[in-house]
Protein chains: 2
Amino acid sequence: MPIATDPLSRSFFALADPTRRRLLELLGRGTASVNELAERFDMSRPAISQHLKVLEDAGLISRTKAGQYRTCELRPEGLSEAEAWVIEHRALWQARFDQLDEVIRGQQLPAHPEEEL
Amino acid sequence: MPIATDPLSRSFFALADPTRRRLLELLGRGTASVNELAERFDMSRPAISQHLKVLEDAGLISRTKAGQYRTCELRPEGLSEAEAWVIEHRALWQARFDQLDEVIRGQQLPAHPEEEL
DNA sequence: CGAATATGTAAGTAATTACTTACGCATTCG
DNA sequence: CGAATGCGTAAGTAATTACTTACATATTCG
């Protein structure tokens, strides 16, 4: 991704990695410290820390200092923009396709309904 | 992204780029040839072709040969998995947060409501 | 204070991206 | 047939990713 990426791209990008999605799922069960999270992965702690940074930059989590620890917490609103994009476009496209179906059905039947295969 | 990426990661990754999202939006208005799409961008045709490949690999579009042209078409179902993931998790997290609110309100008020700062 | 714990960050590496230009192949048409 | 059009792919480059190990810093505690 080029620098200065827009927020929506950052959100989708953050979600485009199994480790990061799993981090989100773990945090979905409750807040956790970085080490508590890192223990669940076959990966160095810094690697997890870096993944957390990606998630944080995308607005999907927050890390707050709590004494010696950093408490990681989900930010559900961080998912809003991505959710809106996906839902909106799926709906539009589906509507368009349904329209096409109607056009096909009402107007002109295919000469060879199952010519493929 | 490492090789052998899972389908969900590929979908999110494909969406994590403004050019690719704009391609999807253009295709949302109807099918188009590669050149028709490429004309809309300040980018070489091969670059668009490569973006289309990412979208195709993610199952978000299909390219079918039509004579001299390739007709690009949206595949709304390609968005299903990503849509499901986002919707499901948002709902879960929101529910969790609402629960937390209840716990806080009903059970025990913080001793120092604003100790930070 | 000084060791232990929790974490971020720097530096280095291999793999991937996102482009570009150059080329090759298929289809259309004069 | 032979030039033009449409499009994919190869090769090269600069920037980014995803890790790693090493290190610096903050907080807790004996």
Side-chain angles (χ1 to χ4, degrees), chain A residues 1-24 26-27 30-58 60-73, chain B residues 1-24 26-27 30-58 60-73 115-116:
Chain A
M1 319 321 54
I3 331 175
T5 309
D6 61 283
L8 188 51
S9 297
R10 261 203 297 273
S11 296
F12 281 131
F13 179 78
L15 297 175
D17 180 283
T19 301
R20 287 193 291 264
R21 286 198 306 277
R22 198 168 140 219
L23 280 167
L24 291 176
L26 288 173
L27 288 174
T31 62
S33 71
V34 177
N35 270 340
E36 284 169 347
L37 293 170
E39 281 165 7
R40 309 292 235 88
F41 296 83
D42 282 336
M43 207 179 285
S44 70
R45 189 192 45 70
I48 296 299
S49 198
Q50 287 156 12
H51 278 304
L52 290 172
K53 177 155 182 45
V54 173
L55 291 170
E56 191 174 28
D57 289 347
L60 293 168
I61 68 166
S62 65
R63 280 187 288 190
T64 58
K65 199 162 172 165
Q68 188 175 14
Y69 306 89
R70 299 292 171 109
T71 303
C72 300
E73 185 177 18
Chain B
M1 315 346 29
I3 332 174
T5 309
D6 61 284
L8 189 50
S9 296
R10 261 203 297 271
S11 296
F12 281 131
F13 179 78
L15 296 176
D17 181 281
T19 301
R20 286 193 291 265
R21 286 199 306 278
R22 198 168 138 220
L23 280 168
L24 291 176
L26 288 174
L27 288 174
T31 62
S33 71
V34 177
N35 271 340
E36 284 169 349
L37 293 170
E39 281 166 7
R40 308 294 236 87
F41 297 83
D42 282 336
M43 206 179 288
S44 69
R45 189 192 44 70
I48 296 300
S49 200
Q50 285 155 15
H51 279 303
L52 289 172
K53 177 156 182 45
V54 173
L55 291 171
E56 191 174 29
D57 289 347
L60 292 168
I61 68 166
S62 64
R63 280 188 288 190
T64 59
K65 198 164 173 163
Q68 187 175 15
Y69 306 89
R70 299 293 170 109
T71 302
C72 299
E73 186 176 18
E115 69 176 348
E116 67 277 343

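In the text below, chain A, chain B and the rest are named by the order of the sequence lines, each starting its count at 1.
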For this session: Please tell me which of B:Ser49 and A:Asp42 maps to the more 5' nucleotide of DNA chain D, matching each residue to the nucleotide holding its nearest heavy atom.
Result: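 The 5'-side residue here is B:Ser49.
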Minimum-distance nucleotide (side-chain atoms of [X] versus [options]):
| X | options | answer |
| --- | --- | --- |
| B:Ser44 | C:dT21, C:dT9, D:dT20 | C:dT21 |
| A:His51 | D:dT9, D:dG8, D:dA18 | D:dA18 |
| A:Pro46 | C:dC19, D:dC7, C:dT9 | C:dT9 |

When you measure from the side chain of [X] to the backbone N and O of [Y], does any donor-acceptor pair fall under 3.5 Å?
| X | Y | value |
| --- | --- | --- |
| A:Arg20 | A:Phe13 | yes |
| B:Ser11 | B:Pro7 | yes |
| A:Glu36 | A:Ser33 | yes |
| A:Arg10 | A:Thr5 | yes |

Problem set entry | Which residue lies more 5' along DNA chain C, comparing A:Arg70 with A:Gln50 via nearest heavy atoms |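 The residue whose closest nucleotide sits nearer the 5' end is A:Arg70.
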Expressed in angstrom and rounded to an integer, what is the separation of [X] atom [atom1] from [N] atom [atom2]?
| X | N | atom1 | atom2 | result |
| --- | --- | --- | --- | --- |
| A:Arg10 | D:dT17 | CZ | P | 11 Å |
| A:Ile48 | C:dT9 | CD1 | P | 16 Å |
| A:Phe13 | C:dT17 | CZ | P | 10 Å |

Exercise. Is the NZ or CZ atom of B:Arg21 both under 6.0 Å from the centre of the six-membered ring of A:Phe12 and within 45° of that ring's axis?
Worked result: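 Geometry flag: not set, cation outside 6.0 Å or 45°.
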Exercise. When every nucleotide of nucleotides 23-30 of chain C is labelled 5' to 3' by its protein contacts under 4.0 Å (heavy atoms), B for base, S for sugar-phosphate only, - for none, what sequence of letters results?
Worked result: ---SBS--
